[in-house]
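Throughout, a chain's letter reflects where its sequence line sits, starting with A, and its residues are numbered from 1. Computed over heavy atoms, backbone and side chain alike; hydrogens, waters and symmetry mates excluded.
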Amino acid sequence: MLTGLFAILFYAATAILVVGVANRIAAYWRTPAPLKIPTMPAPRTQGGMVYRMGREVVLFESLFRSNKWIWIFGWMFHMALFLVLLRHGRYFQESPWFLTEVVQPFGKYGGFAMIAGLAGLWGRRFLVERIRYISTPSDHLMLILLLGIGISGMMMTMVAHTDIVALKHFMIGLMVFDWKPLPADPVLIAHLSLVIILMVIFPISKLMHAPGIFFSPTRNQIDDSREKRHIAPWAAEMEK
Amino acid sequence: MAKKVDFDTPALSEYLQIPVLQEGAMAHSSPFVAKPAHQEPLNFPGELVEDWHDQAIAKMEDLSKTSRSFSLFLDICVHCGSCTDKCHYFIGTADPKNMPVARQELLRSVYRRYFTFAGKYFPNLVGAKDLTRETLDEWHSYFHQCSECRRCSVFCPYGIDTAEITMAARDILDAVGYGQKYDNEILTKVLKIGNNLGLPGPALAATLEDCEEDLEEETGLPVRMPLNEKGADVLLITPSADFFAEPHIDGLMGYAKVFHQAGISWTMSDYASEGANFGMFIGNYPTMKKVAERIRTAALELGVKRVIVGECGHAWRVAYSFWNTLAGTGHGAAADDKYAQMLQKQLDPRYPAPQHIIEFTYDLLQRNALKIDKSANDHRTVTFHDSCNVARGTGMGGIERGQFILPREVIKAVVNNYVEMDSSTMFEETFCCGGGGGLLTDDLMELRVKGALPRMNALKKVFDDEGVDTLAAICAICKSQFTKVLPFYDMPMHMITSVHQLVGDALVFENND
């Protein structure tokens, strides 16, 4: 019963996540940026642009320049989340590969950094007047959701271990459509339920910032407007 | 609409202060509404249409299909707060709706309501709002409290550019017949007469003759100010403020002296006697294209080999970043792009197109082609204001950061006493003068004075500590704005100067010795 329910939920959530995000990305891909609007000074080569985007995605360069507190909490959360996600690879592989093995201890304690980062970001939504002013209920709920995922996860790592061998069989079973029983551990059920919610809301929420940044014309355009004519298809029609 | 309000000039301080929020502090600030005579020539409805609601939503739908930044920037903001203390209008007014993210939110809340799943079904949760008549008033107010200076986009982790949102909002307002008078009146003039002033050809010719007389008196040489001369090498496109306003006109005479000494044949055009393109301010592509095409037409008719742009910030952004797109005024068109090839075949490939007058003068200085006596400017201590559009919307010299390097090199080549303002207010982090983006109008005086606060703060420091008495700039709007607001901050209005006035003053004309 529980196994069947979660199997179906996971399939549905995965489908919504993949199709939803693909849809939004397709829309961004299709829609032209009619004018050259890189935030200057901008790189003058394709390689330079990739380097700029890389610094933005990996180091959060613009945020660092702007506000050290948001940067510390935001960067800590994202990097810790990245380690934690890598660590979760072990639930999807029969015999985990090298990187999944290496990252285990980092991912394990990274969970604390993730929670600390989220707590810091949430605190700012109460303590800093300007950020309190711009926060919507969904901004708070998003942080609560992520904190819930982080805390329930750390509970299982640090306090009340769940049967991760059974969990691994369940997850791998899902991937090959051969359902294995899901352990009926309340903390685990809470953790997975929150993850499913996160997957479902991803494509319809601000979480789209993750794929979205790659399409941001102020960051992905090159400073070559005088050397190369840039024109959107609909704008070219006006010249015919 | 715009009311005469008594206001206090903000106090300057040692370091820039982030203000405590004062809700509604600038809710009363709204520019005059465009009249039918300013709307209709631009193909906008004369006044607010009956079905403004549906028309506005249709316009948003249209924008989401034609411009990626519209829906992308409205989708991906996470409300991190990075931009909240970066806007000069927020710093100067303390109105929370002047925080870039809050300004975007005025449009985003409506976009969410009509175009996103979450906003359609859970509006309160995500801050989605119905489009009401009051919304339009609020847009008209707060989207005319943004100078599209892009400072916030420097600090956004996703590069969200509030200028794009402001332009979109103004485009929507124009589409429903609720435009801004100042911008649309000026656009009507430039499309009818050829410049923002509405200065007809004969009057322009007379002005230039006066300038020639002044120049001859000063240099003893027949320094020319040619108009409509076919076969000239260079077409100069400069903001029309250069033809009449102080200190702009001294800059114009500076260009003429440089051309004269370099021995390069040049001309201006009365058909395209305007470098400014307010089409950018109102975010309307067809209008911006029409204004840009006048320059293309003039260049084709006069048969020039180069197009050089005078000192104007947003004009240089449009020229550098958009002219090639809008009117094929540039290089590198595809072989089958007949429209762009027409002009590109005519332009000399050895020079960038368009070229900034600073790039032109810089090249001459590099080649020692100008005779300079720096001591002519020894009575001055000069600082330079990076204009927002030049800094964050353009380049110069074909090198990264050239837009910061070249103007400074030109100034340092002609003056001995140069001082830099606080670097956190300069370069790509420069503050707008407070009058950019189509807000340089008397009905927004309170906004302009308060928005100038961050720049005035940095300027006052070098004014007091380093004896700076000259503020050089390469933007017509900056020059007009500073002339107006400097006295509010107890600094002399005449300290604002064109960079090419400094160049012109230092040029030595042999025959004059």
Side-chain angles (χ1 to χ4, degrees), chain A residues 24 27-28 31-37 39-44 48 56 60 62-63 65-67 70 74 121 124 128-131 133-139 141 201 204-209 212-213 215-219 223-232 234-236 238-240, chain B residues 20-21 65-69 71-72 75-82 84-86 96 99 101-102 105 116-118 124-127 150 153-159 161 164 285-286 289 320-322 324-325 328 330-334 337 339-340 352-353 391-395 400-401 403 428:
Chain A
R24 289 311 297 156
Y28 299 147
T31 313
L35 292 165
K36 277 281 189 167
I37 57 165
T39 306
M40 301 285 203
R44 298 183 51 82
E56 209 63 275
F60 301 5
S62 295
L63 188 58
R65 164 181 266 191
S66 171
N67 187 307
I70 307 178
L121 290 174
R124 287 184 61 79
V128 181
E129 189 191 26
R130 301 188 311 280
I131 302 183
Y133 179 88
I134 59 168
S135 297
T136 60
S138 60
D139 294 328
L141 288 175
I201 62 169
I204 55 163
S205 71
K206 64 177 184 176
L207 297 176
M208 281 303 293
H209 69 275
I213 182 174
F215 294 89
S216 181
T218 59
R219 293 292 183 268
D223 171 13
D224 64 354
S225 50
R226 287 195 291 189
E227 292 86 33
K228 196 161 167 268
R229 188 169 196 228
H230 168 94
I231 184 136
W234 63 259
M238 297 166 82
E239 289 163 8
K240 289 198 173 129
Chain B
V20 175
L21 304 187
K65 296 216 164 68
T66 52
S67 173
R68 190 195 308 144
S69 55
S71 38
L72 180 78
D75 279 343
I76 68 175
C77 173
V78 302
H79 294 174
C80 72
S82 171
T84 51
D85 56 352
K86 301 298 185 277
M99 299 190 293
V101 52
E105 214 60 21
T116 69
F117 179 89
N124 293 329
L125 200 61
V126 295
R150 314 183 84 206
S153 87
V154 170
F155 298 99
C156 175
Y158 320 116
D161 181 2
E164 291 291 306
Y285 191 99
K289 184 173 169 66
Y320 181 92
S321 290
F322 304 160
N324 204 354
T325 299
H331 295 304
D337 184 347
Y339 174 86
R392 290 183 285 264
T394 78
E400 217 173 300
R401 309 188 71 76
Q403 70 271 40
E428 62 267 45

Who are the side chain to side chain donor-acceptor pair (under 3.5 Å) partners of A/R226, not counting sequence neighbours? B/E359
Contacts of type salt bridge (Lys or Arg N to Asp or Glu O under 4.0 Å), residue B/E105, not counting sequence neighbours: B/R108, B/R112
Could you tell me whether the side chain of [X] and the main chain of [Y] form a donor-acceptor pair under 3.5 Å?
X: A/T136; Y: B/V126; value: no
X: B/K86; Y: A/S66; value: yes
X: B/R150; Y: A/I37; value: yes

Tell me, side chain or backbone of [X] under 4.5 Å from chain B's heavy atoms, or both, or neither?
X: A/I131; result: side chain
X: A/I134; result: both
X: A/A42; result: backbone

Parallel, tilted or perpendicular: which describes the rings of B/Y158 and A/H209, with under 30° parallel and over 60° perpendicular? tilted
Show your reasoning for whether side chain to side chain donor-acceptor pair (under 3.5 Å) applies to A/T39 and B/S153. CA-CA 7 Å; A/T39 306; B/S153 87; 3.1 Å; yes
Minimum-distance pair of heavy atoms, taken over all atoms of A/S225 and B/N324: O-ND2, 2.9 Å
Non-hydrogen atoms of A/S216 and B/L72 that approach each other most closely: CA-CD2, 3.5 Å
Which answer fits B/A391, side chain, backbone, both or neither, if we ask what part of it has an atom under 4.5 Å from a heavy atom of chain A? backbone
